[in-house]
Structures are given as C-alpha cells and as structure tokens.
Amino acid sequence: MVANSCKTPSNNRIKRPKALALLSGGLDSMLAVKLILEQGIDVEVVNFDTPFYRCDHCAINRFADELKLKVHSVFLAEALLEIVVNPLHGYGSQMNPCIDCRILMFKKAKELAEEICADFIVTGEVLNERPLSQREETMLLIDKEAGVEGKILRPLSAKLLPETEPEKKGQVDRDRLLALSGRRRLPQIELAKKLDLKSYPNPSGGCLLTDPRFAQRLREHLKNEKNLTVEDAELLTVGRHFRMDGAKIIVGRNEEENNRLLTIAKNRRIPYLEAADYTGPIALYVGEDSPDLREKAAAITVRYSDAPKDAPANVIFRVGTEKIVEMEARSIGEEELDAIRI
Ligand code: SF4
C-alpha cells in the first residue's frame, strides 16, 4: 500500500505505522479509530459524501479536533451515479448498491492511502451488522475487487476475520482487536464508555438509497429519464415531486427546502412558480413549456400555499429574478394531485 515515494527514516528509527481510517461520523467508525490510536499508530481519516448520503460533518470535525486527526473529505459524484444506475453486484433491499459503492470507496481510499503514505486502511465495519455488504464473504470480495486484499483492517470484528497484512507484519496487535458480530448495539455502547468516547451521534437513516420512498422516486426518475446526473440527484433529494406529461413539478415542503429550490432554480435557470399574494412554496418547473402544463403547475402551487382553496389566486412564473408571466389559478383537486404524485 505504501507508495514507493514514501520515505523511510534515514536513521535507525523504526517508522511508526500509519493508517487511513474511513470515518462516517457514526459510532462504529469512531470506535475503530480509537482502538487503532490506542496501539500507538498514526491515523488520518477520510469521509465520503455522496449525493444521497451526507456525513455528519459536525460529529466528524468534533471527533477529529479532539484527537488532532487530519480529515480528508471526498465527494463521490459521477462514479457513484453510474453504479446506482447499473450496479454490477445488484441492489440491496432498495436502490442501495452497497457492494459496488464500498468497492468504489475502497478504491478511492487506496489512492489516498498511497498519497499520504499510510500502511493500511481501517473501517468501522462490524461483521453481520448489515445483511448485504457486511457478511464475511462479501467483505472479502469487496477487498479483492477494490485491490486492497489484506489491507483493510476492521478492528471491531478483526478476530473473526482472516489475519490482515498489518497484523502479520506486527504493525497491529491482533490480540487487542475485537470479535464483535451482529446488529446488537450494546457492545459498542459499552466500548464507547470504556474508551471514554462521550459524544457520538445516534444511528440515523443515513443513506437515502436505502429509504423505500426515496427509492421509489429514483426508480420513477430512471424509468422516465433513463439517465441520472448530479443535478438530477440533487433535485431528487428535495421537495414533493409530481410528474405531468412532459414536465415535473418539485414543491418545497418547508423554508429550508424552499431556499434550496430557489438557489437551484437561480443557479441553473430553471423556471419556478410562487403565489403572488400569499405565503407558499417555491415550485420548480422542469421540462417542456406549454400553457396547459404551466396552468397545472400553478394549480399545484396554489394548493400548497396559504391561498383560499375555493377561489382563484395569482401565481407568478419566473426564470431567475425575471417575472415571465402572472396567471390566475385555482387549487388542484386532491384526486388529480394524487394521480400525478411520485
Ligand atoms: S448505504 Fe450502501 S449505497 Fe449507501 S453509502 Fe452506504 S454503502 Fe453506499
């Protein structure tokens, strides 16, 4: 793993081993880092963001600051989207191509480890904690396909897995590693107390690709568009979505989403609608432009605004800050709305 350009000390001093740890911000990866640091090994950490998974950067930075660890951040964009559309190893329970995603992460981690002269890579994976990617044979397959066989150390389950290179070389003491397996969280919580790890986030939903409702939205997108860009992915993660014949309307659900949609609309010159005289959402209009479609989009905008539902209200159709047209619309009926809801 160590690149040829990495220097060994010129005097007789023995080089301290160095590890690159994958840190998601969750408890397991923090514990894995702590266990490795306890063995006097230098550690730098890397976190991977994707369009569908944002690490808890606050938790990562707090943890890294406390332990004075260098943090590398990597955004997996196009390469991950290709995998999401066409995963060689298939999907998990939803649209999560975990095996291919882990292979991609490990390949990137390998490149980074070589750059920073790390001897091996550490992850917080626990054997059998997840059904798809954390079975032993799958873990070993991922290591092989990523070209990091024997170089991935999983300190929380290492004693249940084949010996890795750093253990064979004596860079890591296998006796001080653990044998955790399964989905129970109690051993990790007890270990956190033992290792004096007080602040860590609760397990949360994490990756949207594992969420059934999001997966349905993504499948619908792929069926209709046959393509997935970083821009598409960004839009898929925000708002309520409605598909009409020829256009898609994306409606913000709260202030934060409205602000996000407005920024996207302005940056990408996507037309959007908003109620003229009432508080209401930003509704992005993506697709072909026609008077009928605009009318329906305006009716959806009124439906989610504070405008009365039994009288017409004015809706502004804009591109950027420019007002293209102001039109009158009545709220769309619930049945019609449900028929186009994604
Ligand atoms: S849940 Fe699966 S697809 Fe999502 S980030 Fe993790 S490994 Fe990748």
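In listed order, ligands and their atoms are each counted from 1.
To the nearest 0.5 angstrom, His221 atom NE2 is 9.5 Å from Phe214 atom CZ. Distance check, rounded to the nearest 0.5 Å: CD1 of Ile340 to CE of Met244 gives 6.0 Å.
Protein heavy atom in closest approach to atom 6 (Fe) of ligand 1: Arg130 NH1, 4.1 Å. What sits closest to atom 2 (Fe) of ligand 1 on the protein, heavy atoms only, is Cys98 SG, 2.4 Å.
With 2.8 Å as the limit, Cys207 counts as an N, O or S neighbour of atom 4 (Fe) of ligand 1.
Considering only non-hydrogen atoms, atom 7 (S) of ligand 1 lies nearest to Cys101 out of Cys101, Ser24, Gly92.
Remark: Arg294 qualifies as a cation-pi partner of Phe317 under the 6.0 Å distance and 45° angle criteria applied to the six-membered ring.
Annotation: side chain to side chain donor-acceptor pair (under 3.5 Å) contacts of Glu129 (sequence neighbours excluded): Arg185, Gln188.
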